[in-house]
Amino acid sequence: MQAASPRTTQKKPLSVRFKKSIPYYLLLLPGMLLLFLFNYMPIGGIVIAFKDFSPFKGIWGSPWVGLKHFIYFLTNESFWRVMRNTIIINFYQLIFGFPFPIFFALMLNEIASNRFKKAIQTISYLPHFLSWVVVASLVTNVLSPSEGIVNGVLERVFGIEPIYFLTKTEYFRGIIVVSAIWKNFGMNSVYYIASLAGIDTELYEAAAIDGAGRLRQTWHITLPGLRNIIVVLLVLQMGSMITIGFEQIFLLYNSMVYDVGDVISTYTYRLGIVNTQFSLTSAIGVTQSVVNFILVYSANRISRALAGWSLW
Amino acid sequence: MKRSLAIVLALLMLLGLFAGCSSNKGSSDAAETKTETKTEEKKEETKKESVSSGAKKEDQAKKEETKKEEKKEEAAPVVDAPTKITAFMQEAGQTFPDPFSHIDDWLTKEIAAIANIEFTELIVPAYTDTETKFNLMMAGGDIPDYIHRAHRPDMRRYGEEGAFADITDIIRSSDILSPLYTDVQISVMKDSSGAIHVLDTLPINDDYSALFVREDLLEKAGYTGDLVTVDDYLAAMRAVKAWDPNAIVYTCRALAYQQWFLTQPFNVANTCGWAWYPERDAYCNNWEGDNIVKSLEFARTLYKEKLIDPEFMTNNGDDVNQKRLKENCLIWAQNRGGIVARMEMIAADGQSDARMIPHPMPIAEGVGIDAYRTSPNLYGGHCIAFNAKCDQEKFDACVRLVETLLSDEVYILTCYGREGVEFEWNSAGNPTPLFPAAKEATYKSWLGYAYTYNTAENMNFNSTIAIYANAGLSDDEKAAYADKFVTAFDKIQDEYLCSLDYSPTIFLEAAPDEINNMVAECNEYQMSMYAKCMLGEISLEDFVAQKDETVAKYQAVTDYYKEKIDEVKAKYDLTYSK
């Protein structure tokens, strides 16, 4: 029997391949430009962290001060307070906020009625499209000691005196984490729902024939199917462990909860925008980026070591 | 098909990307609209006699009186074509009609025509966004031709760093500006290089804060006592609370605004930070001494008895306004200009019987007398500057705009409006509002761009408009209310300003960043501790235990300012004899 000759595929020249892919390159172009304009071009501006920058003297005309700004904030107790708060709030968001969309996506996946599933999905997305100004206003109203629904229930059902939640240090971080979860879990679950759609349904059928129940199927088929996207999102979240959104905190905090609520972004806003200390805030920003990079890199390495899969 | 669709999509995305990179001169935002204003004919000479601004220094006031007898002079030199300029203005938290375009407003156009300029961009951010907007513009080197803004130390620093044009010569050479600025003011405006880069607005001492008390609520609650001492106020507040248990008798925006009633009766300027205390002839941390503890005891009483809004810590500006309007709020701590706008609001809300009468701040016994007394201002607190990159034509246009704003003709326009439209002169030579145009034009903002604050004349006129536009009052009631309001304010003004020279704090230059950061840190900590103690999170004993420690911790700031103040006192020969 004559052996089948191996199919030899000759690689097409680069120019041909390029021509064929022009539409894709064009689609890529705006994104690349955006990345270059707003992420790479400003990198040179990092140098102002080492200068006493004045916009009117310009970057090169401003005097060089070396590590002065880094030393200042690293030896300043306020900075360590906001650093601590940022890490703690982010840690809470990682522990409670990260798994929430996964659970939600898994639960949604189990719903048989397509119409009901879509309705739930749409409702869960909605808060994501509200600005933090609106959400903060809702949170303030819901938690109001005089007219808020939470205090209304606590008072009428449990006979508890109204609590001014937003001024209590013991509740503030919880409020931040819960409101962030409520606002974003619907949208974050989209990634998982999309991944779930890609899992081969024959795997479930085979598992069912083998006697696996719903939980077993979830554990042995669904979760492994989501593994890659979970790792990607976890690594990305690790990359912002010492960064936290400005608006949410700024709109909800007050002087009663500075101890637990003041974070790096609100601190740098006051220093940079209000007090116009651009060099100092740049130094803080550079430090944040370095730490975030180390965290992303570490998370990726850990993922590769433990799960056998990593982002790069 | 796929290829062409991809190209179209990519082009659309690229367009979207670069749309954000276009010049901001194309902005169509209501507050920053670019419009093509037509060249208007130069205004005819106003025949009406001018009135004294009543807002300038005493020697200037005499000059103004003389001017009353003279015919109006031209405000600005004539040039052929209007010069196009961009401008940034800081407004004072006014309520503007909705929608409102600053650049298209009749008053803007009138002023532009008189100055023979054309605004190609007029940026007037919302009051609370001004600082962010301005600092970001400056950081990006996007400097408008003409700038009017608060934060004098920052403006002076920007000027010294080369952002603003040298205007030393124009003050002396301008016929309009030179009589308005004294030698001391000119000396103070010079920076370390000896040049003037920012022009301080002229001082006005009329628009100060007071307590506005709803007398109609006192009547309804059956309170007939005096309102002089702190105990009187407590009794009145309790009476209103007893009459309406849901009333929010007093409210404020956290401990940052309208909170003066908590501290100033106890000779403490604020809940945090530092202030000049004339009686002690010293710049002190507000937590020095025992007065802050007395203030806290009072604040705790208010909170415990729900005489203060229990949610004051999370209030924003709108919350405060709404609660004051809707919740039978007895005491409104506010500046006079602000209260006039709210008089209109409360009448428009259907509460035509609401009557707000100004009262001086009460003084508790044994606390001293100087905290709420202020020295006359040396300057208005805002600054005017021109972009250093302005060419000669634009520079001249900016000068014309300043001169126009400070001219008598524009003073009348900004104070009363257009003769025959918003007002008319009565037989006694006083301005009388013409309705409804007068009511619709009470937002007039350009007076604030010239002087920073409102003048007594302007506020009397606007309060008269607010009262006379109230359809729920009879003519006699209107007359009685207007008379009582103005008389009460005049009385406070007489008692309010003590006979001190200028406060030395207004001569101070911007402090180094390290000092500013310590001040910010101390303010945050003190405000937090005061609030926690007021709301019962920590005990008064704990507060007292930490008080002196805090003062000592930030002694470096106190010492820094003491040293600087000694320097300016010696430099300007300031003495305090009261």
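Computed from heavy atoms alone, side chains included, the values below leave out hydrogens, waters and symmetry copies.
Crowding of A:Phe91 atom CZ: a count of heavy atoms from other residues, nucleotides or ligands under 6.0 Å not exceeding 12. With a 6.0 Å radius and a threshold of 12 heavy atoms from other residues, nucleotides or ligands, A:Arg17 has its CZ atom above the threshold. At most 12 heavy atoms of other shown residues, nucleotides or ligands fall within 6.0 angstrom of atom OH in A:Tyr40. More than 12 heavy atoms of other residues, nucleotides or ligands sit less than 6.0 Å from atom OH of A:Tyr125. When the shell of 6.0 Å around CD1 of A:Ile46 is examined, it contains more than 12 heavy atoms from other residues, nucleotides or ligands. The 12-atom threshold is not exceeded at CH2 of A:Trp60, counting heavy atoms of other residues, nucleotides or ligands nearer than 6.0 Å. Around the CD atom of A:Glu147, the shell of radius 6.0 Å holds no more than 12 heavy atoms that belong to other residues, nucleotides or ligands.
Closest non-hydrogen pair, B:Phe312 versus A:Tyr164, comes out as N-OH, 3.7 Å. Between B:Asn135 and A:Val274, the shortest heavy-atom contact is ND2-O, 3.7 Å. Taking every heavy atom of both residues into account, A:Phe56 and B:Gly162 meet most closely at CB-C, 4.4 Å.
Side-chain contact between A:Leu280 and B:Asn517 is present, with at least one heavy-atom pair separated by less than 4.5 Å.
Of the two parts of A:Tyr253, neither the backbone nor the side chain holds a non-hydrogen atom closer than 4.5 Å to a non-hydrogen atom of chain B. In this structure, no portion of A:Leu252 lies under 4.5 Å from any heavy atom of chain B. For B:Ala254, no part lies under 4.5 angstrom from a heavy atom of chain A.
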Apply the test side chain to side chain donor-acceptor pair (under 3.5 Å) to residues B:Asp513 and A:Tyr72: give CA-CA distance (whole Å), side-chain angles for both, the deciding distance (0.1 Å), then the verdict.
-> CA-CA 11 Å; B:Asp513 286 343; A:Tyr72 176 80; over 6 Å; no
Start with the C-alpha gap between B:Asn516 and A:Gln277, add the side-chain angles, then the distance that decides, and say whether side chain to side chain donor-acceptor pair (under 3.5 Å) holds.
-> CA-CA 10 Å; B:Asn516 285 335; A:Gln277 295 174 38; over 6 Å; no
Mind running side chain to side chain donor-acceptor pair (under 3.5 Å) on A:Ser54 and B:Tyr158 for me, showing each step along the way?
-> CA-CA 9 Å; A:Ser54 158; B:Tyr158 284 138; over 6 Å; no
Given the rule in the side chain to side chain contact (heavy atoms under 4.5 Å, CB included) test, do A:Asn275 and B:Asp154 qualify, once you have shown the distances and angles that lead to the verdict?
-> CA-CA 9 Å; A:Asn275 292 341; B:Asp154 281 354; over 6 Å; no
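At distances below 3.5 Å, at least one donor-acceptor pair connects side-chain atoms of B:Glu311 with backbone N or O atoms of A:Ser146.
Atom OH of A:Tyr267 sits about 8.5 Å away from atom CD of B:Glu524, to the nearest 0.5 Å. We find the CE-OG1 distance between B:Met313 and A:Thr167 to be 7.5 Å, quoted to the nearest 0.5 Å. Distance check, rounded to the nearest 0.5 Å: CG of B:Asn523 to OG of A:Ser255 gives 10.5 Å. Going from atom OG1 of A:Thr140 over to atom CG of B:Asp319 covers 8.0 Å, rounded to the nearest 0.5 Å.
For the side chain to side chain contact (heavy atoms under 4.5 Å, CB included) with A:Thr276, the lone residue among B:Arg157, B:His151, B:Glu131 that qualifies is B:Arg157. Considering A:Leu166, A:Val139, A:Leu143 as possible partners of B:Thr314, the one that fulfils the side chain to side chain contact (heavy atoms under 4.5 Å, CB included) test is A:Leu166.
Sequence neighbours left out, the pairs with a member in residues 162-179 of chain A that pass salt bridge (Lys or Arg N to Asp or Glu O under 4.0 Å) are A:Lys168-B:Glu537.
With sequence neighbours left out, the side-chain hydrogen bond (donor to acceptor under 3.5 Å, both in side chains) criterion links B:Gln555 to B:Asp559.
Contacts between residues 258-266 of chain A and chain B, counted as heavy-atom pairs separated by less than 4.5 Å, involve A:Tyr258, A:Asp259, A:Asp262. Residues of residues 74-82 of chain A that come within less than 4.5 angstrom of chain B, heavy atom to heavy atom, are A:Asn76, A:Glu77, A:Ser78, A:Arg81 in numerical order.
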